Amino acid sequence: MTTSFKEKIYKITRRIPKGKVATYGQLALLAGKPKAARAVGSFMRTNPDAPRTPCHRVVSKNGALTGYSMKKGIVTKKHMLLAEGVPFIGEKVDIKKALWTGVI
DNA sequence: CCCGTGACATCGG
DNA sequence: TCCGATGCCACGG
C-alpha cells in the first residue's frame, strides 16, 4: 500500500475540511517532506483520484489559485471554494483565515 | 540509470 | 514592490 508519498498527499488532501484550504507546502510538510511542495503539485496534476481528491482546496502559500487544468479552470476553482464558505480577497483566498490548521 | 518536466517555496537585487 | 534565479522532490519515458 503503498505508503507512497503520493498516496499520503491524496489522503491528507481528502482530510481538508469544507471551508478550509491547505497549501502545497503544508501538504508536503504533513506528508513528511517540507520541501516537496513541487512534487505535491505534480501529484495533483496527475490526480488519478480527481473526484476523490479535492485538489481545489489546495492553493499556493500566498493564497493564489494555481493549476486546475488551466487559468480558466481557476475561475471554477474559485467558485467552488467560495461556495464552501472560503473567504476570498479579490482573486485570492484569504489564506490567513481559511488556512487549514492541519490538525482536527 | 539518466534526463526532462512541473498545479511550489524562498532568497537576493 | 516586482522580477529573476535557485533548490527541492517525485514521476514518466
Side-chain angles (χ1 to χ4, degrees):
Chain A
M1 194 10 324
T2 147
T3 37
S4 291
F5 182 69
K6 192 166 117 189
E7 293 284 321
K8 227 169 188 181
I9 295 296
Y10 293 138
K11 217 180 278 192
I12 296 169
T13 304
R14 283 190 247 138
R15 286 186 205 170
I16 302 175
K18 185 163 80 72
K20 295 270 178 173
V21 296
T23 69
Y24 295 96
Q26 182 83 46
L27 295 177
L29 181 67
L30 293 172
K33 306 288 188 192
K35 300 194 172 166
R38 212 175 207 182
V40 175
S42 294
F43 304 148
M44 295 307 178
R45 178 182 177 280
T46 304
N47 202 352
D49 297 301
R52 250 191 233 167
T53 307
C55 44
H56 63 268
R57 283 185 195 153
V58 186
V59 298
S60 56
K61 211 194 166 184
N62 68 315
L65 302 177
T66 45
Y68 215 73
S69 289
M70 272 200 274
K71 291 201 168 180
K72 303 291 183 181
I74 300 300
V75 181
T76 305
K77 187 168 169 181
K78 175 186 169 189
H79 271 257
M80 266 197 288
L81 293 170
L82 201 61
E84 293 190 347
V86 176
F88 259 79
I89 299 177
E91 299 299 301
K92 290 181 189 164
V93 178
D94 189 348
I95 199 70
K96 306 248 185 217
K97 296 179 180 179
L99 182 60
W100 179 39
T101 56
V103 181
I104 307 180

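Just so it is clear, the model here is predicted, and its values are computed rather than measured. In the text below, chain A, chain B and the rest are named by the order of the sequence lines, each starting its count at 1.
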d([atom1], [X]; [atom2], [N]) in whole Å:
X        : N       : atom1 : atom2 : answer
Lys61(A) : dC8(C)  : NZ    : C1'   : 15 Å
Leu27(A) : dA9(B)  : CG    : P     : 10 Å
Tyr10(A) : dA10(C) : OH    : P     : 14 Å
Met44(A) : dG6(B)  : CE    : P     : 18 Å
Tyr24(A) : dC8(C)  : OH    : C1'   : 17 Å
Phe43(A) : dC8(C)  : CZ    : C1'   : 12 Å
Phe5(A)  : dC11(C) : CZ    : P     : 9 Å
Gln26(A) : dC8(C)  : CD    : C1'   : 17 Å

Q | Check against side-chain contact (heavy atoms from CB on, under 4.5 Å), His56(A) and Tyr68(A) | A | CA-CA 7 Å; His56(A) 63 268; Tyr68(A) 215 73; 4.0 Å; yes
Q | Residue Lys33(A), side-chain atoms from C-beta onward, closest of dA10(C), dA9(B), dA7(B) | A |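 Of the options given, the side chain of Lys33(A) lies nearest dA10(C).
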Q: For a salt bridge (Lys or Arg N to Asp or Glu O under 4.0 Å) with Glu84(A), tell me which candidate from Arg57(A), Lys77(A), Lys18(A) qualifies.
A: Arg57(A)
Q) Does the dC9(C) base have a donor-acceptor partner in the side chain of Arg38(A) within less than 3.5 Å? A)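 No, no donor-acceptor pair under 3.5 Å.
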Q. With distance as the sole criterion, do the side chain of Tyr68(A) and the base of dA7(B) form a donor-acceptor contact below 3.5 Å?
A. no
**Q.** Most 5' of Val59(A) and Val40(A) on DNA chain B, judged by nearest nucleotide
**A.**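 In this pair, the answer is Val40(A).
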(Q) I want to confirm an ordering. Mapping Pro34(A) and Ala39(A) to their closest nucleotides on DNA chain B, which one lands closer to the 5' end? (A) Ala39(A)
Q.
If we check side chain to side chain contact (heavy atoms under 4.5 Å, CB included) with Phe43(A), which of these qualifies: Thr13(A), Ile9(A), Leu27(A)?
A.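 Per the side chain to side chain contact (heavy atoms under 4.5 Å, CB included) rule, the option paired with Phe43(A) is Ile9(A), out of Thr13(A), Ile9(A), Leu27(A).
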Q. Within less than 4.0 Å of OP1 or OP2 of dC8(B), is there a side-chain N or O belonging to Lys35(A)?
A. no
Q | Pairwise distance NZ(Lys97(A)) to CD1(Ile89(A)) - rounded to 0.5 angstrom | A | 7.0 Å
Q | Flag if over 12 foreign heavy atoms under 6.0 Å of NZ, Lys78(A) | A | yes
Q: Classify the nucleic acid contact of Thr66(A) as base, sugar-phosphate or nothing, counting any heavy atom under 4.0 Å across all strands shown.
A: base
